[in-house]
Chemist: 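One structure, as structure tokens, below. Some questions next.
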Protein chains: 2
Amino acid sequence: MDKKTEQKKVFLEIVQQLRQLIKMEKIQAGEKLPSERVLSERLGVGRSSVREALRSLELLGLIETRHGGGTFLASTHKHQLVEILSMFILEDEKSKKDVELTRQIHEMEAIRVISCTETLRTLPVWDSFFVKLEIEGTINCRDILRELLITTGNRLSLKIWFQLAAYDGDRLNRNSTEDEKLIIQTMLKSMQLGYEKEALKAYEQWMSTVQSI
Amino acid sequence: MDKKTEQKKVFLEIVQQLRQLIKMEKIQAGEKLPSERVLSERLGVGRSSVREALRSLELLGLIETRHGGGTFLASTHKHQLVEILSMFILEDEKSKKDVELTRQIHEMEAIRVISCTETLRTLPVWDSFFVKLEIEGTINCRDILRELLITTGNRLSLKIWFQLAAYDGDRLNRNSTEDEKLIIQTMLKSMQLGYEKEALKAYEQWMSTVQSI
DNA sequence: TCAAAAAAGTGGTCTGACCACTTTTTAACG
DNA sequence: CGTTAAAAAGTGGTCAGACCACTTTTTTGA
């Protein structure tokens with residue numbers, strides 16, 4: 001029946017055991033795991049085997065290790081995952097374009113969802129962005145987009161977005177220019193009013209200016 | 001500048017070196033990699049370190065190892081990845097819903113792109129689906145959705161979709177029911193004619209029926 | 001010629017050791 | 001008594017060697 005279970009894959013069993021241990025001990029995100037030596041004793045396996053499992057989980061971004069400090073359950077899931085996969089699968093310029101497009105897919109969907117949901121588009125946070133724009137004259141581009149994703153409540157979409165945004169480098173993580181200010185205001189205003197199409201139009205206009213940066 | 005590079009992460013460097021080696025040696029999918037002992041010598045590191053890197057890549061499904069046989073570049077990407085991630089991250093019902101929603105985000109975007117692109121929406125493949133539906137009376141749901149993603153040409157979006165669809169289990173990987181037939185036909189026809197809204201409407205209708213399965 | 005046995009190759013695992021770094025404890029000083 | 005510096009303990013990082021289980025290749029012998 002269950003081929004995956006009947007397969008040996010001792011190394012995967014350790015991963016599973018680790019998960020059980022985390023659940024049993026009720027280890028929360030950011031908290032410390034038992035040391036490698038303790039784990040190897042408790043699980044009845046060699047330290048090497050424990051390390052192989054831990055290293056795998058680290059590559060997935062599920063745990064963090066600090067030299068001399070210990071091993072910790074990842075607080076913010078840095079899914080280096082996409083990064084690693086991209087290293088193997090996505091190599092050329094075309095792929096970089098794909099990353100940008102895919103990121104925008106999630107952003108646009110967020111705009112759609114928010115625009116169409118009364119309880120989301122009337123959130124105070126959008127007003128706060130307006131105020132910030134008026135007073136300081138500028139705002140961090142990435143912050144706005146992140147807030148869009150957070151607001152939708154889709155945690156998985158948010159996680160994927162984080163990865164894609166990280167891959168994009170600092171092109172997003174910067175303050176808005178004078179030219180962008182008006183566009184962003186239009187986008188936010190349209191969103192608040194539930195004008196999905198207008199909001200998306202402003203977004204696309206915004207992204208085309210980002211493109212040229 | 002480049003924080004990620006200046007970070008130590010020796011273990012990640014080995015992963016990178018492995019990638020270079022694969023590229024240099026022009027190792028194709030399914031082919032054999034050098035043995036662990038050879039790798040450890042060529043890379044100038046201990047066998048344990050090589051193994052930690054290999055085990056990580058195995059967890060990602062990028063390589064396969066056969067006891068006594070050797071290590072091979074994965075031919076078909078088995079998405080153990082989703083399985084592992086789901087084990088740690090996706091535990092509650094809310095998360096499962098997120099997976100479904102996120103998958104649909106990519107599917108809907110594909111429909112939009114195809115509907116708005118003359119060269120994509122007039123592709124012969126859509127006619128082939130029509131024919132298949134007429135002759136056999138049914139069609140694999142997953143096949144259609146996959147074709148949508150493939151057609152857009154966004155490989156990253158496709159990759160993400162694959163993983164999400166794999167997590168969804170066999171709810172998609174099945175033949176369409178009689179009820180679905182008409183909806184799918186409507187969706188495809190609307191797409192071919194460039195009626196984005198109608199295509200999306202049919203898609204949403206389709207998904208709501210899938211929901212109840 | 002071919003099948004069985006032996007050898008070589010390879011991954012799987014464990015042990016022990018040493019290093020580098022961090023955290024905790026202890027000791028010394030003011 | 002409190003503060004600080006030194007020592008100790010804890011922890012991850014890496015390596016080397018050994019042995020086992022399994023697969024592949026080579027050799028042997030009928």
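So that the names make sense, note that chain A is the first sequence line, chain B the second, and so on, each numbered from 1. Values in this document were obtained by computation on a predicted structure and should not be read as measured data.
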Chemist: Quick one: on DNA chain D, does A/Val38 or B/Val50 contact a more 5' nucleotide (nearest heavy atom)?
Modeler: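 The residue mapped nearer the 5' terminus is A/Val38.
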Chemist: Quiz question: going by heavy-atom distance under 3.5 Å, is there a donor-acceptor pair between the base of D/dG12 and the side chain of A/Arg66?
Modeler: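 No, the side chain and the base share no sub-3.5 Å donor-acceptor pair.
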Chemist: Let me know the distance between CD1 of A/Ile14 and C1' of C/dC14, rounded to the nearest Å.
Modeler: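 To the nearest whole Å, that distance equals 11 Å.
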Chemist: Please figure out whether A/Ser40 or A/Gly69 has its closest DNA chain C nucleotide nearer the 5' end.
Modeler: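 With A/Gly69 and A/Ser40 compared, the 5'-side residue is A/Ser40.
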Chemist: Using whole Å, report how far CG of B/Leu43 lies from P of D/dA16.
Modeler: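 Rounded to the whole Å, the gap is 13 Å.
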Chemist: Measuring only between side-chain heavy atoms, which start at C-beta, is B/Glu31 closer than 4.5 Å to B/Leu73?
Modeler: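 No, too far: nothing below the 4.5 Å cut-off.
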Chemist: To the nearest Å, give me how far apart CG (A/Leu54) and P (C/dT13) are.
Modeler: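 Taking CG of A/Leu54 and P of C/dT13, I get 14 Å after rounding.
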Chemist: Roughly, in whole Å, what's the span from NE2 in B/His67 to P in C/dG9?
Modeler: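 For the pair B/His67 NE2 and C/dG9 P, the rounded distance is 16 Å.
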Chemist: Rounding to an integer number of Å, can you tell me how far A/Leu57 CG sits from D/dG12 C1'?
Modeler: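 In whole Å, D/dG12 C1' and A/Leu57 CG are 16 Å from each other.
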Chemist: Figure out the CG/P separation between B/Leu39 and C/dG11, and round it to whole Å.
Modeler: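 Nearest whole value for this atom pair: 8 Å.
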Chemist: Is it the case that C/dG12 (base atoms only) and B/Arg47 (side chain only) share a donor and an acceptor within less than 3.5 Å, ignoring hydrogens and angles?
Modeler: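 Such a pair exists between side chain and base.
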Chemist: Among the candidates C/dG12, D/dC15, D/dG13, find the nucleotide nearest to the side-chain atoms of B/Thr65.
Modeler: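 Selected nucleotide: C/dG12.
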Chemist: Rounded to whole Å, please give me the gap between CD in A/Glu36 and P in C/dT15.
Modeler: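 Interatomic distance, CD of A/Glu36 to P of C/dT15: 15 Å.
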Chemist: Of A/Leu59, A/Leu54, A/Leu57, which meets side-chain contact (heavy atoms from CB on, under 4.5 Å) against B/Ser56?
Modeler: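 The passing option is A/Leu59.
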Chemist: Without swapping roles, check the side chain of A/Ser176 against the backbone of A/Lys181 for a donor-acceptor pair under 3.5 Å.
Modeler: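 No; zero donor-acceptor contacts below 3.5 Å.
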Chemist: Should the ring pair B/Tyr203 and B/Trp206 be called parallel, tilted or perpendicular, given that the plane angle runs from 0 to 90° and is split at 30 and 60?
Modeler: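 Rings of B/Tyr203 and B/Trp206: perpendicular, over 60°.
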Chemist: Judged by atom type as modelled, is there a donor-acceptor pair below 3.5 Å linking the side chain of A/Lys32 to the main-chain atoms of A/Gly69?
Modeler: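 Yes, because the side chain of A/Lys32 sits within donor-acceptor range (under 3.5 Å) of the backbone of A/Gly69.
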Chemist: Rounding to an integer number of Å, can you tell me how far B/Glu52 CD sits from D/dC15 C1'?
Modeler: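 Whole-Å distance recorded here is 11 Å.
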Chemist: From the list C/dT13, D/dG13, C/dC14, which nucleotide is the closest neighbour of the side chain of B/Arg51?
Modeler: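 Shortest atom-to-atom distance from the side chain points to C/dT13.
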Chemist: Can a side chain N or O of A/Arg55 be found less than 4.0 Å away from OP1 or OP2 on D/dG12?
Modeler: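 Looking at the OP1 and OP2 atoms of D/dG12, neither is under 4.0 Å from any side-chain N or O of A/Arg55.
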Chemist: For A/Ser48, report the nucleic acid contact type (base, sugar-phosphate, nothing); a contact means any heavy atom under 4.0 Å.
Modeler: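 Answer is base: heavy atoms of A/Ser48 come under 4.0 Å of a base.
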Chemist: Under 3.5 Å, is there an N or O donor on one side and an acceptor on the other linking the side chain of B/Arg37 and the base of C/dG9?
Modeler: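 Answer no: no donor N or O sits under 3.5 Å from an acceptor.
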Chemist: I want to confirm an ordering. Mapping B/Gly46 and B/Gly68 to their closest nucleotides on DNA chain D, which one lands closer to the 5' end?
Modeler: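 Of the two residues, B/Gly46 wins.
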Chemist: Under 4.0 Å between any heavy atoms, over every strand shown, what does B/Ser49 touch: base, sugar-phosphate, or nothing? Just pick one.
Modeler: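 Sugar-phosphate: the residue B/Ser49, judged by heavy atoms under 4.0 Å, touches backbone atoms but no base.
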